[in-house]
2 protein chains.
Amino acid sequence: MVFVLLTESPVDGEGSWAMSAAEETTGEDTPWGEVTPEAARRLLVAAVDAFAERGYHATTTRDIAGRSGMSPAALYIHFKTKEELLHRISKIGHERALHVLDTEADRDGTAAERLAGAVRSFVRWHAERHTTARVVQYELDALGEEHRTEIVALRRRSDAVVRRIINEGVRDGEFDVPDVAGTTLAVLSLCIDVARWFNAQGSRTPDEVGELYADLVLRMVGARTASGRKQ
Amino acid sequence: MVFVLLTESPVDGEGSWAMSAAEETTGEDTPWGEVTPEAARRLLVAAVDAFAERGYHATTTRDIAGRSGMSPAALYIHFKTKEELLHRISKIGHERALHVLDTEADRDGTAAERLAGAVRSFVRWHAERHTTARVVQYELDALGEEHRTEIVALRRRSDAVVRRIINEGVRDGEFDVPDVAGTTLAVLSLCIDVARWFNAQGSRTPDEVGELYADLVLRMVGARTASGRKQ
DNA sequence: CCCGAACCTGAGCAAGCGCTTAGGGGCTGT
DNA sequence: ACAGCCCCTAAGCGCTTGCTCAGGTTCGGG
């Protein structure tokens, strides 16, 4: 599903910005390493690319198989249905995103430091792995009833992590937040939407976006900034 | 395309939250009034509902026709293709959203007042008309090359409006914004994403979300708040 | 009373969809 | 050498898709 929006870099030919899910490997401990055998992983990586480019419903099993250099039938040896493929992608993706958030939330430090760290890492993840993130964040509705319920549970945990940090900041007098639930929602919404607009060919690196967003979120909660300014 | 995310209200049976595009009429001067004849409007309204619920690619022309109480063939009397239907929806939707933004940006007042007004109205629009907004904001990629280019141009104008206000605020010393382009991007991203998570059955009204977001955005740009707090 | 225009339908076409099935190569261990 | 297993393909089934087309209904004007 190709999202080219706002002003982040000019709109050039469709798909020209695309980074393949395989390329995204850089800087991470083998991104789909848990998927075996190797043929299944190749299919899954191809599916991530295809789903991200065209969307789940517009992607055909023949396309996925073709990208993996296999016949359409090969897909059904490793996955029961096309929907199961999406489910595995979505589940692994959510678990990884949640892990990123959890890791930062569990560090030592002030609430502001932890919130900034969580946003920075979470946003960087969504930017670096925007191909995966796009599928994970925007194809939820294509899942079947049970699978969707399972994934939504994972999402609630992300929400809980962010809310906890903000609550602690308020309790310790670091933050000024009239509406914790609403602000939590807005913070996560902001981070997640990075997957939609981020463009690998754009002018910003994932690190820069993470830094910018960490600063913006600290302002949203009325925290002291790194440079010492107040409220 | 059903997005049920984060913690805004529990996830109940799918589609139960849906407000039809027809119902959304309330409080606006006939929302699809420019679409004639009446049969074409009925088809278009049905298409908005269907696209918002299932997504463009997962919606069949038979479904759209069925919702309008017509045969599939009737659709092709009023629209050349299914894609043309999406294009008309997308164009009208973008024009209305942009109009909302423009109206607030052109008012008198400080940059902070205008930015708050613009965000409040833009967010309220995305919440109240989230069915339409979801199609408008998240089905861009389903458009053909030329149609997409046309719509992207409209989007750039939204960006320019927000950027102008922020620039003026910085110039007048009202705002403290290190990265105007990035902050503009973030503000619009935040507003647009409301269409994804907003749930009519949720606990927040469009007005409340608009108010919350206007406050959050003023904090993001380091403005004085309505209550007189600083930076 | 009929005309032409506007609008709509029933039936269906060609293409493409997700998925299945029968069968065949190439490993492994014995 | 060969059985047993895993992995894969060619072919294609049954169905749905976007879309078409010949024909029918309704209606205002002459």
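Basis for what follows: all heavy atoms, side chains included, without hydrogens, waters or symmetry-related copies. Below, read A as the first sequence line, B as the second, and so on, with proteins coming before strands; counting in each chain starts at 1. Because the structure is a prediction, the values reported are computed rather than measured.
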I need the [atom1]-[atom2] distance between [X] and [N], as an integer number of Å.
X: A/L86; N: C/dC19; atom1: CG; atom2: P; result: 12 Å
X: B/L85; N: D/dG18; atom1: CG; atom2: C1'; result: 12 Å
X: B/L75; N: C/dC7; atom1: CG; atom2: C1'; result: 14 Å
X: A/L43; N: C/dC19; atom1: CG; atom2: C1'; result: 15 Å
X: B/K82; N: D/dT16; atom1: NZ; atom2: C1'; result: 12 Å
X: B/K80; N: D/dC19; atom1: NZ; atom2: C1'; result: 14 Å
X: A/F79; N: C/dT20; atom1: CZ; atom2: C1'; result: 18 Å
X: B/E38; N: C/dA6; atom1: CD; atom2: P; result: 18 Å

(request) Tell me which nucleotide among D/dT20, C/dC7, C/dC8 gets nearest to the side chain of B/I77. (result) C/dC8
(message) Looking only at the side chain of B/T60 (C-beta and beyond, no hydrogens), which of the listed nucleotides D/dT9, C/dC17, D/dG18 gets closest?
(response)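 It is D/dG18.
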(request) Would you indicate whether the side-chain heavy atoms of B/L190 and B/M220 approach each other to under 4.5 Å? (result)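 In contact.
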(request) Enter the distance from A/I192:CD1 to A/Y138:OH here, rounded to the nearest 0.5 Å. (result)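 One gets 7.0 Å once the value is rounded to the nearest 0.5 Å.
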(request) Taking only Lys NZ, Arg NE, NH1 and NH2, and the carboxylate oxygens of Asp or Glu, determine whether A/D63 and A/R54 approach each other closer than 4.0 Å. (result)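 Looking at A/R54 together with A/D63, the answer is yes, because their closest N to O distance falls below 4.0 Å.
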(request) Look at the side chain of A/R62 and the base of C/dG18, then say whether one donor and one acceptor between them are separated by less than 3.5 Å. (result)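 Donor-acceptor pair under 3.5 Å: yes.
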(request) Classify the ring geometry between A/Y213 and A/W197 as parallel (under 30°), tilted (30 to 60°) or perpendicular (over 60°). (result)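 Judged by the thresholds at 30° and 60°, the geometry between A/Y213 and A/W197 is tilted.
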(request) By nearest nucleotide on DNA chain C, pick out whichever of B/G69 and A/P72 is the more 5' one. (result) B/G69
(request) With DNA chain C as reference, determine whether A/A58 or A/A73 sits nearer its 5' end, using the nearest nucleotide of each. (result)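 It is A/A58, whose closest nucleotide lies nearer the 5' terminus.
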Hey, is the side chain of [X] poking within less than 4.0 Å of OP1 or OP2 on [N], counting only N and O atoms?
X: B/H78; N: C/dA6; result: no
X: B/Y76; N: D/dT20; result: no
X: B/T61; N: D/dG18; result: yes

(request) Mind checking B/T59 for me? I need base, sugar-phosphate or nothing, with any heavy atom below 4.0 Å counting as a touch. (result) sugar-phosphate
(message) Against the six-membered ring of A/F51, is A/K82 placed for a cation-pi contact (under 6.0 Å from the centre, within 45° of the normal)?
(response)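 So A/K82 doesn't make the cation-pi contact.
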